[in-house]
Every structure is written in structure tokens, then in C-alpha cells.
Amino acid sequence: MSTRIAFLKGHGTENDFVIVPDPENTIDLPPAAVAALCDRRAGIGGDGLLHVVRSAAHPEARHMAAEAEWFMDYRNGDGSIAEMCGNGVRVFARYLQRAGHVTEGDIAVATRGGVKAVHIAKDGDVTVGMGRALLPEGDVTVSVGERSWPARNVNMGNPHAVAFVDDLSHAGDLLSPPPFSPAAAYPDGVNVEFVIDRGPRHVALRVHERGSGETRSCGTGACAVAVATARRDGADPAATGVPATYTVDVPGGTLVITERPDGEIEMTGPAVIVAEGEIDSVWLESATGA
């Protein structure tokens with residue numbers, strides 16, 4: 001390991017990430033290292049980590065290299081691996097632009113949830129093609145304290161349980177994962193969104209992200225919420241033939257989600273790089289007990 005490791009810090013609607021550029025996949029990032037870097041007091045701080053690797057250099061992404069040059073090796077704040085992160089993809093694209101690897105316009109980004117089409121607009125917003133939602137059958141319930149709600153099971157490449165509530169405070173502190181049932185619905189855990197209405201095609205959410213706790217934003221969660229709300233509202237684009245667009249307020253800002261009649265979902269929002277620097281590898285080795 002080199003003496004110092006380059007990093008950047010970025011966020012999308014205040015869902016924040018440590019970015020580690022590593023084109024040739026030479027930096028070892030075990031779970032303990034990721035957790036140390038994402039620690040908000042003893043490390044850099046972030047909801048997750050974006051490991052920037054060329055697809056051809058990563059064993060999980062080589063099969064996507066012909067479609068996408070860059071692979072977003074995404075890790076949750078606790079060091080666990082995740083399939084996808086919508087806000088993370090936007091910040092990942094912004095980093096590639098900043099580093100001169102891409103310019104405004106259309107690019108492709110490989111993720112564990114597949115290759116994502118990304119558009120970097122001149123106004124600064126980034127749009128990500130999030131793919132299609134899967135709606136597994138079966139009833140799901142989520143709970144906080146004495147309250148329980150039915151939840152819509154939505155999979156956006158990662159699992160979500162969407163519950164409509166009367167007040168966002170009912171979600172509690174979201175420090176620990178809200179209990180859900182049946183356990184078989186989410187064998188690897190779940191992201192839980194609590195949702196209220198704010199107006200026509202306008203909702204707000206709070207979210208507990210699997211492996212990270214409550215976050216200021218969740219891109220895949222906003223998409224899952226838009227899909228669940230459209231079904232609740234009788235606005236399924238596949239049935240109506242008309243795209244459904246929802247404004248989704250998250251604690252860290254606003255995202256705009258559009259689901260097309262063919263099922264494809266697009267998410268638009270900001271992506272910001274706020275700092276860059278170097279990680280001291282001696283500290284990192286000490287922090288991880290290496």
C-alpha cells in the first residue's frame with residue numbers, strides 16, 4: 001500500500017460518500033477499512049464509499065467492460081457490499097467528469113445492479129437510468145415501537161419496503177433497522193422508507209438504509225417510493241400508457257423520479273464534489289488493525 005491514498009468527498013442530496021479513485025483495482029479495502037473511512041468522528045465520514053475502478057480491472061465487472069469503462073464498487077458505511085446506490089451513481093459520474101474521464105452528456109456506469117445509463121446535464125443535474133422495478137408478491141409489514149404498517153415490497157436492484165404513514169416522526173430515530181415480517185421477504189435485510197403526501201405527485205420520505213442507518217437521502221429508495229405511490233394512486237404507467245413523474249423530498253433535498261410506460265425509471269438530482277485530499281495509510285492500517 002502506498003504511503004498516501006487519494007480520496008474525495010461528495011454528496012447527492014446530502015447522501016454523502018468517500019470516493020477512492022483506484023482505476024487498476026490495486027487498493028485493498030476490507031470492510032474494516034471502509035467502516036473506518038466512513039466513521040464521522042474518527043475517519044472522513046460518509047454514508048458509504050465509492051471505489052472507482054475500471055470495469056476490466058475488477059473481477060465482478062469484467063463482463064460489463066464492453067458496455068461501461070468504469071465500475072462503481074459501492075460499499076455501505078459499515079463496510080458491507082451493496083448492489084446499487086442511486087445517489088452514489090450521480091456522485092460517481094460527477095467524479096468522472098471532474099477527473100476528466102468523461103464530459104457532459106451520456107455515459108454508462110457499471111454497478112452490481114447492472115450497467116446504468118447516466119446523463120450529465122449542462123445545468124449541473126445528473127439523471128440516472130435506474131432500470132425497472134420488480135414488485136415481489138406477498139404482504140409485508142414494518143414496525144416502529146407499537147406501530148405497524150403494511151409496506152410495498154419494491155426491488156430496485158436492492159430491496160425496499162415502502163410504508164405510507166401519517167407523520168414522518170412515526171418512523172422514530174431510525175438508528176436501528178425497523179423490524180419487518182415475514183423474515184423470508186428480505187433474507188439479506190432491507191431499506192425501509194416511511195412516506196407522507198405533500199401534494200399531487202409530491203411526497204416526502206425518511207429512510208433507514210441497510211448497513212448505514214438513517215441517511216439524508218436514498219436514490220433507489222426515492223425510486224421505490226415513486227413506484228409504490230404510483231401504484232397506490234392508480235397511475236401505473238404500464239396500465240395508463242402515460243409516464244408518471246413524482247417529486248420526492250428527502251431530508252437532504254429533492255429528487256425527481258419518472259417511470260415510463262416501458263417500466264424504465266429515471267432519477268434526476270444534484271451531485272456535488274466538496275473536497276479532496278489524501279488518506280494516511282499508516283492511520284488506515286492502525287484503524288483497521290492491519
Side-chain angles (χ1 to χ4, degrees), residues 13 15 82-87 113 128 130-145 147-174 176-239 244-259 263-267 269:
T13 51
N15 194 185
E83 303 91 339
M84 240 295 284
C85 175
N87 288 317
V128 179
M130 300 290 286
R132 293 175 169 85
L134 298 177
L135 299 169
E137 295 183 358
D139 295 331
V140 176
T141 300
V142 298
S143 303
V144 175
R147 294 188 174 96
S148 295
W149 303 268
R152 188 73 189 241
N153 189 347
V154 182
N155 193 292
M156 286 298 307
N158 57 358
H160 296 268
V162 180
F164 294 93
V165 299
D166 294 327
D167 192 302
L168 290 179
S169 67
H170 292 171
D173 59 26
L174 292 182
S176 57
F180 62 86
S181 63
Y186 305 109
D188 298 316
V190 64
N191 304 287
V192 182
E193 287 80 28
F194 297 89
V195 186
I196 61 168
D197 289 293
R198 285 204 164 149
R201 301 288 177 96
H202 187 181
V203 295
L205 68 80
R206 287 180 62 201
V207 57
H208 180 280
E209 282 199 66
R210 178 182 57 169
S212 296
E214 181 172 16
T215 59
R216 300 284 294 168
S217 181
C218 177
T220 55
C223 293
V225 164
V227 168
T229 308
R231 302 306 183 274
R232 184 203 64 176
D233 294 346
D236 179 355
T245 297
Y246 282 83
T247 298
V248 181
D249 294 337
V250 296
T254 297
L255 297 166
V256 177
I257 313 297
T258 297
E259 183 181 10
E264 290 292 328
I265 298 168
E266 293 183 338
M267 174 186 62

Can you tell me how far apart OG1 (T258) and CE (M130) are? Round to the nearest 0.5 Å. 12.5 Å
Are D166 and R147 within salt-bridge range, i.e. N to O under 4.0 Å? no
Nearest-0.5 Å distance, CE of residue M84 to CG of residue N155: 11.0 Å
Between W149 and H170, how do the two ring planes meet: parallel, tilted or perpendicular, split at 30° and 60°? parallel
Rounded to the nearest 0.5 Å, how far apart are CD of E209 and OG1 of T215? 3.5 Å
Partners passing side chain to side chain contact (heavy atoms under 4.5 Å, CB included) against R132 (at least two apart in sequence or in another chain): D262, E264
Distance col, row T229:OG1 vs E259:CD, nearest 0.5 angstrom, shows 11.0 Å
Return the CZ to OG distance between F180 and S148, rounded to the nearest 0.5 Å. 13.5 Å
Among all residues two or more places apart in sequence or in another chain, which pass the side chain to side chain contact (heavy atoms under 4.5 Å, CB included) test with R210? E83, N158, P159, D188, N191
Give the minimum heavy-atom separation between V128 and G86, together with the two atoms involved. CG2-O, 4.4 Å
Which heavy atom in A235 sits nearest to a heavy atom in R201, and how many Å separate them? CB-NH2, 3.7 Å
Restricting to side chain to side chain contact (heavy atoms under 4.5 Å, CB included), what partner residues turn up for T254, sequence neighbours left out? T247, D249
